[in-house]
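Read through the structure below, which is laid out as structure tokens, and then see the notes.
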Amino acid sequence: MKVEDYLIERFGLLMSISDLADLLGRSPDGVRVSLYSDTEVSRKLKPTMVKVGRRVYFRTLQVKDALDLEPSEYGAC
């Protein structure tokens, strides 16, 4: 199974902040704080953000690309 297929199956095409926090192993509040600070990760994730009303979502496939979530040759089983 490809990384894209797994992420879309697990989260759908849009991820909420809690979904992103679950993926990163952080709390939703920690993700919120880090997004609004000027860090390398926040600069990569901000272009993936989509606002729907007052809610903030992240495009799943762009998050995969931004975080470089490809299996390495050493981690593949």
Side-chain angles (χ1 to χ4, degrees):
M1 177 180 272
K2 291 174 145 182
V3 175
E4 297 94 5
D5 297 334
Y6 171 75
L7 290 174
I8 290 174
E9 183 179 311
R10 184 169 176 198
F11 300 113
L13 292 174
L14 294 176
M15 301 170 67
S16 66
I17 287 184
S18 61
D19 292 338
L20 185 61
D22 187 38
L23 180 67
L24 296 174
R26 300 187 59 172
S27 70
D29 289 333
V31 170
R32 256 185 224 100
V33 167
S34 65
L35 280 173
Y36 293 106
S37 61
D38 188 29
T39 62
E40 182 181 347
V41 174
S42 70
R43 285 188 294 263
K44 288 181 179 180
L45 288 176
K46 281 182 183 179
T48 70
M49 290 173 66
V50 177
K51 286 192 87 170
V52 179
R54 294 177 58 191
R55 298 183 187 265
V56 174
Y57 294 100
F58 301 86
R59 295 179 188 98
T60 303
L61 296 178
Q62 287 183 346
V63 167
K64 179 199 76 77
D65 293 338
L67 298 178
D68 195 26
L69 296 176
E70 291 296 328
S72 67
E73 61 184 87
Y74 303 108
C77 294

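The figures here come from the full heavy-atom set of this structure, side chains too, leaving out hydrogens, waters and symmetry mates.
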Q. Using 4.0 Å as the upper bound for N to carboxylate O, is an ion pair formed by R32 and D29?
A. yes

(Q) Assess whether a salt bridge exists between D22 and R10, defined as any Lys/Arg side-chain N lying under 4.0 Å from an Asp/Glu carboxylate O. (A)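 A salt bridge links D22 with R10.
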
Q. Stepwise, does the side chain to side chain contact (heavy atoms under 4.5 Å, CB included) test hold for D19 with L14?
A. CA-CA 9 Å; D19 292 338; L14 294 176; over 6 Å; no

Q: Grab the two heavy atoms, one from M49 and one from R59, that are nearest each other, plus how far apart they are.
A: O-NH1, 4.0 Å

Q. How many angstroms lie between NZ in K46 and OH in Y36, if you round to the nearest 0.5 Å?
A.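 These two atoms lie 7.5 Å from each other.
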
Q | Separation of R43 CZ from L45 CG (nearest 0.5 Å) | A | 11.5 Å

Q.
When you measure from the side chain of S18 to the backbone of P28, do you find a donor-acceptor pair of N or O atoms at a distance under 3.5 Å?
A.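 Judged by distance alone, no pair lies under 3.5 Å.
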
Q. Should L35 and F58 be marked as a side chain to side chain contact (heavy atoms under 4.5 Å, CB included) after you check the CA-CA gap, both sets of side-chain angles, and the distance that decides it?
A. CA-CA 12 Å; L35 280 173; F58 301 86; 3.4 Å; yes

(Q) If we count only N and O atoms by modelled type, under 3.5 Å, do the side chains of S42 and T39 hold a donor and an acceptor together? (A)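 Distance-only check passes for S42 and T39.
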
Q. Out of I8, T48, L7, which residue meets the side-chain contact (heavy atoms from CB on, under 4.5 Å) rule with L61?
A. I8

(Q) With clusters defined by side-chain heavy atoms of hydrophobic residues (ILVMFWY) lying less than 4.5 Å apart, directly or transitively, does I17 cluster with V41? (A) yes

Q) Does the side chain of K44 reach to within under 4.5 Å of the side chain of L67, using non-hydrogen atoms? A) no

(Q) Any non-hydrogen side-chain atom of L23 less than 4.5 Å from a side-chain atom of V63? (A)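 Side-chain contact under 4.5 Å: yes.
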
Q. Would Y57 and V52 satisfy side chain to side chain contact (heavy atoms under 4.5 Å, CB included), going step by step from the backbone distance to the final call?
A. CA-CA 7 Å; Y57 294 100; V52 179; 3.8 Å; yes

Q. Side chain to side chain contact (heavy atoms under 4.5 Å, CB included) between F11 and L20: does it pass, once the steps are laid out?
A. CA-CA 9 Å; F11 300 113; L20 185 61; over 6 Å; no

